[in-house]
Number of protein chains: 2
Amino acid sequence: MQRKDYYAGNDKMYVATDCIVFGYSTDCLQLLIFPRKVEPHKGEWSLIGSFVKEDEHVRDAAERVLKEITGLDKVFFEQLKTYGDVDRDPGARCISVAQYALIRLGETDRKLVEGHGAYWYKLEDLPSLVLDHDELVRDALNELRRKARYQPIGFELLPEKFTLPQLINLYEVIYQKKLDPRNFRKKILSLKVLTKLDEKDKSTSKKGAYLYKFNREKYHQLLESGYHFEL
Amino acid sequence: MQRKDYYAGNDKMYVATDCIVFGYSTDCLQLLIFPRKVEPHKGEWSLIGSFVKEDEHVRDAAERVLKEITGLDKVFFEQLKTYGDVDRDPGARCISVAQYALIRLGETDRKLVEGHGAYWYKLEDLPSLVLDHDELVRDALNELRRKARYQPIGFELLPEKFTLPQLINLYEVIYQKKLDPRNFRKKILSLKVLTKLDEKDKSTSKKGAYLYKFNREKYHQLLESGYHFEL
DNA sequence: ACAAAAGTGTTGGCTGTACACCCATGC
DNA sequence: GCATGGGTGTACAGCCAACACTTTTGT
């Protein structure tokens, strides 16, 4: 189904969407990258991404890529910004709508990821990436830090059930500094968006730590009542 | 100069950039709109915008449009986000990179603006706009409010020299609520990013209000020293 | 019984907020 | 001299940051 083109005569260009995919596991943030499959720069490390198709929402293109590479269906992701430099891609004029995604590392089908030649790299020993992708990663990391401060997006990086020590560790990794566990607990619990479960996770200590769940409902109530966070 | 196209076979599309242009004058925020010049929906109210050219940075395209319509060269603007819905534009598949701009209303060459058939509308009596532009305006307004809280972008909307009562009024207009002038002064002056001048503006009172200038240098020092705002 | 991680409370300082009066000037 | 908007200070409350010990349990 071809619709009428009212804009003939103006320039068209390729539109890509690239995903900065963060994963978390104890003590470090990781990033999903893979060797680029097309020329130019074929084989060099790249973010995962794809061209957006004529009949495809930009967001859907990102979703498609994420599903393809991670096997996951409901990955959390948000638009970062659009990179529109004329020369950003030597392959052709191509703008890229960058998206950053947050993934619970445990759930990921590592086989599938590796089947696509993708790999998780610790942020601190990330190789340099193709095109302007290093810049996208820098920007995404800033955005993640900024955003984590006033929206509990950190939960997207943790499994459904998690312990407070895990949550603290996650925030320590994101902010790159030690947090005081007493103050952190007080603050996060005072928001009343966590539900304490009756189970303990004993994998990291003899005593065991209580598991919690993030309560999206209460979180949305809180937001709608005009509350302004600050972690 | 045509460069090699490595990506032939993938879809190309139109890329537009649309600007949400805010202006401020006492007691109200205004928005710059104009009657759309091309079919479809020719003649209906639209944000100002343009297609991005093959050899043009997306940001440059926005700059071009802003200059064309306002006559101003160094308008403050930032990317908002990209709208990528397949059906957002009935004229053809076209994604739009939205930018929001802030303008000192006094400086604008109103003749030039009107020569291009553009008009300033008060936000509260804005007509409904073409395509998804109502949504862009909503999003831009949210972003403006969010951003004004922790970055002094408000200054972009005021003339070079301004009084504190003016600044307070601006923030009242942005946040849509009354602020306490004592507390506002205390807070803003404690940031030490304003330079008090030896002149007074007597246009609004017999006593006259001292004029201030925004000190970009000190502001950047403050930022680099890792300070986190909150107005 | 001891090692290792989980969990818990108090205090002091700072920051935000609420609130009411005097000041300078043009008419 | 009075009306108009501009400018100033204080007191209270709530929040954040700093800080050290007890609890649980597997070995």
Side-chain angles (χ1 to χ4, degrees), chain A residues 25-27 148-150 152 158-159 161-173 175-213 222 225-231, chain B residues 25-27 145 148-150 152 158-159 161-213 222 225-231:
Chain A
S25 73
T26 313
D27 289 329
R149 196 177 306 152
Y150 70 98
L158 290 173
K161 299 174 182 181
F162 53 88
T163 66
L164 289 187
Q166 270 182 295
L167 186 60
I168 295 173
N169 181 264
L170 170 62
Y171 275 91
E172 286 178 338
V173 166
Y175 293 144
Q176 315 233 74
K177 68 171 183 186
K178 280 280 164 207
L179 299 174
D180 182 310
R182 298 192 282 284
N183 294 333
F184 186 88
R185 274 163 189 276
K186 214 184 312 166
K187 209 162 176 181
I188 199 87
L189 291 176
S190 76
L191 296 179
K192 308 220 189 251
V193 293
L194 298 186
T195 310
K196 188 175 186 174
L197 304 177
D198 260 338
E199 305 167 65
K200 283 191 165 189
D201 167 30
K202 297 209 170 183
S203 63
T204 57
S205 80
K206 335 241 160 161
K207 184 176 177 184
Y210 279 104
L211 288 163
Y212 288 79
K213 273 170 104 169
L222 197 58
S225 73
Y227 191 78
H228 175 67
F229 284 106
E230 201 59 34
L231 277 175
Chain B
S25 72
T26 314
D27 289 330
R145 293 200 174 119
R149 198 178 305 152
Y150 70 97
L158 289 172
K161 299 174 181 181
F162 53 87
T163 66
L164 289 186
Q166 270 182 295
L167 186 60
I168 295 174
N169 180 265
L170 170 61
Y171 276 90
E172 286 179 339
V173 166
I174 292 178
Y175 292 145
Q176 316 233 75
K177 68 170 181 186
K178 279 282 165 206
L179 300 173
D180 182 310
R182 298 191 285 278
N183 295 334
F184 186 87
R185 274 163 189 275
K186 213 184 315 168
K187 208 162 176 180
I188 198 89
L189 291 176
S190 76
L191 297 178
K192 308 220 191 253
V193 294
L194 297 188
T195 309
K196 188 175 186 173
L197 304 177
D198 260 338
E199 306 166 66
K200 283 191 163 189
D201 167 31
K202 297 208 168 183
S203 64
T204 57
S205 79
K206 336 241 161 161
K207 182 176 176 182
Y210 279 105
L211 287 164
Y212 288 79
K213 273 169 103 170
L222 196 59
S225 73
Y227 192 79
H228 176 67
F229 284 106
E230 200 60 33
L231 277 174

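First the proteins, then the strands, lettered A, B, ... as listed; each starts at 1. Just the heavy atoms: all of them, side chains too, but no hydrogens, waters or symmetry mates, feed the values below.
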Test side-chain hydrogen bond (donor to acceptor under 3.5 Å, both in side chains) applied to D198(A) - qualifying residues, sequence neighbours left out = none
inquiry  = Suppose we screen for side-chain hydrogen bond (donor to acceptor under 3.5 Å, both in side chains). Which residues come up paired with R149(A), at least two apart in sequence or across chains?
reply    = H228(B)
Give every donor-acceptor pair under 3.5 Å between a side-chain atom in residues 180-187 of chain A and any protein atom, sequence neighbours left out.
from, atom 1, to, atom 2, distance (Å)
D180(A), OD1, R182(A), N, 2.7
D180(A), OD1, N183(A), N, 3.2
N183(A), OD1, K186(A), NZ, 3.4

ask   = With sequence neighbours left out, what residues match Y210(B) under ring-ring contact (aromatic ring centres under 6.0 Å, His included)?
value = none
remark   = By salt bridge (charged side-chain N to carboxylate O under 4.0 Å, His left out), K178(A) pairs with (sequence neighbours left out) E172(A)
inquiry  = Contact list please: residues 172-192 of chain B against DNA chain C, heavy atoms, distance less than 4.0 Å, in numerical order.
reply    = D180(B), R182(B), N183(B), K186(B), K187(B)
task = Please name all residues satisfying side-chain hydrogen bond (donor to acceptor under 3.5 Å, both in side chains) with T204(A), sequence neighbours left out, ordered by chain then number.
result = none
task = Apply side chain to side chain contact (heavy atoms under 4.5 Å, CB included) to S25(A) and list each qualifying residue two or more places apart in sequence or on a separate chain.
result = C28(A), Q30(A), L105(A)
query = Which of residues 201-213 of chain B have a heavy atom under 4.0 Å from DNA chain C?
reply = K202(B), K206(B), K207(B)
query = In whole angstrom, what separates I168(A)'s CD1 from dA17(D)'s P?
reply = 14 Å
ask   = So do the side chains of K202(A) and K207(A) get within less than 4.5 Å of each other, counting heavy atoms only?
value = no
inquiry  = Distance under 4.0 Å to a non-hydrogen atom of chain A counts as contact; along DNA chain C, which nucleotides mark the start and end?
reply    = dA5(C) to dT10(C)
key: Listed partners of Y150(A) passing ring-ring contact (aromatic ring centres under 6.0 Å, His included), at least two apart   = none
query = Can you name the salt bridge (charged side-chain N to carboxylate O under 4.0 Å, His left out) partners of K161(B), sequence neighbours left out?
reply = E199(B)
